[in-house]
Amino acid sequence: MTTAKAAKTKKTRGQGGFQDKEKPQEVRKSNIVAARAIADAVRTSLGPRGMDKMIQLADGSVTITNDGATILDQMEVQHPAGRMLVQLSKAQDVEAGDGTTSVVVICGALLGACERLLLKSIHPTTISESFGLAVAKAVEVLTEMSTPVELTDRESLLKSASTSLNSKVVSQHAGLLAPIAVDAVLQVMANDKAENVDLRDIRVVQKLGGTIDDTELVDGLVFRQGIVHAAGGVMRAEKAKIGLIQFCLSPPKTDLENQVIVSDYTQMDRVLREERAYILNLCKQIKKSGCNVLLIQKSILRDAVTDLSLHYLQKMKIMVIKDIERDEVEFVCRTLGCKPVASPDAFTPDKLGYADLVEESAGKVVRATGVANPGRTVSILVRGSNKLVMEEADRSLHDALCVIRCLVKRRALIVGGGAPEIQIACKLGEWSRTLEGREAYCVRAFA
């Protein structure tokens, strides 16, 4: 009786062990299938003959693009392995800026190779380590076949930027956008020996109207906001002294939601008189500093300006640009050389920036040119006949800027058109013959 029970227990354990071996294989297969499905979804948008994707979001807005990072970012991927490919594309977008579709397609192909190796009963750890060796060898091959390039070689930089743009919707405008990208990156470089470029020093401003041919590089600052036209405000300022305030030109409010009850006209008149005196005092302090162009940060607590304050500023011949976003303040200050002021008492002449001219040109575009101490920042004004074209031009320009930044980091070029991939496959195939055991299988599969 005891012997039979022991035999039964042993059989059950054996069955349990067998089932545990099956489950990891199913999980791995599920992960590979999900990741390859993501890769197949963006495969058709790769290269110059790649097709654009039209994506409709939950709010009904439509995006047309063939940028891999944008497509994957707007896809609602539920599977964890699929999400890893989305993160891979984002990482490529941050590090290199371009090639977001290529990395996903290559990853899908490598996972296919992994699946075939797993069917041959090769352990996943062995596959992972062998692929690591193959990657190191592939980097050596690419380094050997690269040719050095100098940043003074403008022709090579233009060709690199044009190659990035040729697979985009705006490829016919590559001749215009490529020089803009090259000039923008070279202008914000700290010096000729710099090994990196901060693309946050390049501000891309979208303005609806016109065509992509009207896109230009502005040596100065372009504002997303327009000049305030109320009360017949100033539209043009020469030798502009520019101030940026973070306080409101409006009557103060109570800290709590209190109510002030006015019982007669005398009290009402006194409230209005005090309000006018308070705002006039603020405007006089601004005028006293010599400021003739006033930038006002956007306020969420109360109105940043009122009609009365605009009227006083107009009488004092001060141009007003309001609703400067909080995240724009640093760039504006670095470009114009001004300092943000949080209280009226601190508004002094040393806080002001300078520009030769601030004006609103055709298409309601406000620009400040002739900045006294340029802080190595530039603005790119992107125009487009509709929002879809304009946004795609912005994304394409970002990719071109990132390509030039990569050349600043690593000043070398390799040929394109699939040649590096073929060279890596040939060299790794030759190298795998010198290896022994399962590593040779894995490296050959990688190739």
Side-chain angles (χ1 to χ4, degrees), residues 67 69 90-100 142-143 146-166 168 170 173-206 215-224 242 327-339 353-356 367-382 393-416:
D67 182 55
K90 285 182 180 178
Q92 174 73 7
D93 192 39
V94 170
E95 182 62 29
D98 203 6
T100 50
L142 289 176
T143 305
S146 64
T147 54
V149 63
E150 292 296 327
L151 297 181
T152 52
D153 186 2
R154 184 178 173 82
E155 193 64 29
S156 296
L157 299 181
L158 288 174
K159 285 179 180 177
S160 301
S162 298
T163 303
S164 171
L165 293 166
N166 282 337
K168 309 292 182 186
V170 294
H173 301 284
L176 168 71
L177 298 179
I180 288 176
V182 172
D183 292 338
V185 172
L186 294 180
Q187 280 190 39
V188 300
M189 281 179 60
N191 52 62
D192 294 338
K193 302 295 183 183
E195 295 184 354
N196 199 359
V197 173
D198 190 353
L199 293 185
R200 288 175 295 184
D201 292 337
I202 302 172
R203 188 188 194 201
V204 180
V205 179
Q206 299 178 19
T215 299
E216 59 180 313
L217 179 68
V218 179
D219 189 11
L221 184 64
V222 177
F223 292 98
R224 292 188 172 96
I242 306 165
D327 57 353
E328 296 176 342
V329 169
E330 184 186 351
F331 184 89
V332 170
C333 293
R334 202 162 65 243
T335 304
L336 299 176
C338 61
K339 296 178 182 177
Y354 178 84
D356 287 340
R367 64 183 79 195
T369 53
V371 179
N373 299 308
R376 291 197 177 277
T377 61
V378 294
S379 298
I380 299 174
L381 178 62
V382 176
D394 187 355
R395 283 190 289 268
S396 303
L397 199 54
H398 173 263
D399 287 356
L401 290 169
C402 290
V403 166
I404 305 302
R405 182 185 66 176
C406 287
L407 284 174
V408 174
K409 284 182 176 180
R410 188 81 175 266
R411 302 181 185 186
L413 285 172
I414 55 172
V415 292

Closest heavy-atom contact between [X] and [Y]?
| X | Y | result |
| --- | --- | --- |
| Ser156 | Leu413 | CB-CD1, 4.1 Å |
| Gly220 | Ser379 | O-OG, 3.4 Å |
| Thr335 | Thr377 | OG1-OG1, 2.7 Å |
| Cys338 | Cys333 | O-CB, 3.3 Å |
| Ala400 | Ser164 | N-OG, 3.9 Å |
| Asp201 | Phe331 | O-CE1, 3.4 Å |

Contacts of Asp394 that satisfy salt bridge (charged side-chain N to carboxylate O under 4.0 Å, His left out) - sequence neighbours left out: none

Sequence-distant partners of Asp356, salt bridge (charged side-chain N to carboxylate O under 4.0 Å, His left out), two or more places apart: none

Side-chain contact, heavy-atom cut-off 4.5 Å: [X] with [Y]?
| X | Y | result |
| --- | --- | --- |
| Val205 | Val382 | no |
| Thr369 | Asp219 | no |
| Glu328 | Arg203 | yes |
| Val378 | Val188 | yes |
| Leu151 | Met189 | yes |

Main-chain N/O of Asp183 paired to Arg154 side chain as donor or acceptor, under 3.5 Å: no

Under the side chain to side chain donor-acceptor pair (under 3.5 Å) test, residues paired with [X] that sit two or more places apart:
| X | value |
| --- | --- |
| Glu330 | Arg334 |
| His173 | Asp213 |
| Ser146 | none |
| Asn166 | none |

Residues Leu336, Val371; criterion side-chain contact (heavy atoms from CB on, under 4.5 Å); working and verdict: CA-CA 6 Å; Leu336 299 176; Val371 179; 4.2 Å; yes

In chain order, what residues pass the side-chain contact (heavy atoms from CB on, under 4.5 Å) check against [X], with sequence neighbours excluded?
| X | value |
| --- | --- |
| Lys90 | Asp73, Val86, Gln87 |
| Glu216 | Val218, Arg367, Leu381 |
| Ala69 | Asp67, Ser89, Asp93, Thr100 |
| Arg200 | Asp198 |

Pair Ile202-Gln187, side-chain contact (heavy atoms from CB on, under 4.5 Å): steps then yes or no: CA-CA 9 Å; Ile202 302 172; Gln187 280 190 39; over 6 Å; no

Atom pair CD/CD1 of Gln206 and Ile380 - distance to nearest 0.5 Å: 12.0 Å

Nearest-0.5 Å distance that lies between atom CG in Leu176 and atom CG in Leu397: 9.0 Å

Acceptor/donor pairs from residues 401-412 side chains to any protein atom, 3.5 angstrom cut, sequence neighbours excluded:
{"from": "Arg405", "atom 1": "NH2", "to": "Val94", "atom 2": "O", "distance (Å)": "3.0"}
{"from": "Arg405", "atom 1": "NH2", "to": "Glu95", "atom 2": "O", "distance (Å)": "3.2"}
{"from": "Arg411", "atom 1": "NE", "to": "Val408", "atom 2": "O", "distance (Å)": "3.3"}
{"from": "Arg411", "atom 1": "NH1", "to": "Asp192", "atom 2": "O", "distance (Å)": "3.1"}
{"from": "Arg411", "atom 1": "NH2", "to": "Asp192", "atom 2": "O", "distance (Å)": "3.2"}
{"from": "Arg411", "atom 1": "NH2", "to": "Ala194", "atom 2": "O", "distance (Å)": "2.6"}

Test side-chain contact (heavy atoms from CB on, under 4.5 Å) applied to Leu157 and Leu186, step by step: CA-CA 10 Å; Leu157 299 181; Leu186 294 180; 4.3 Å; yes

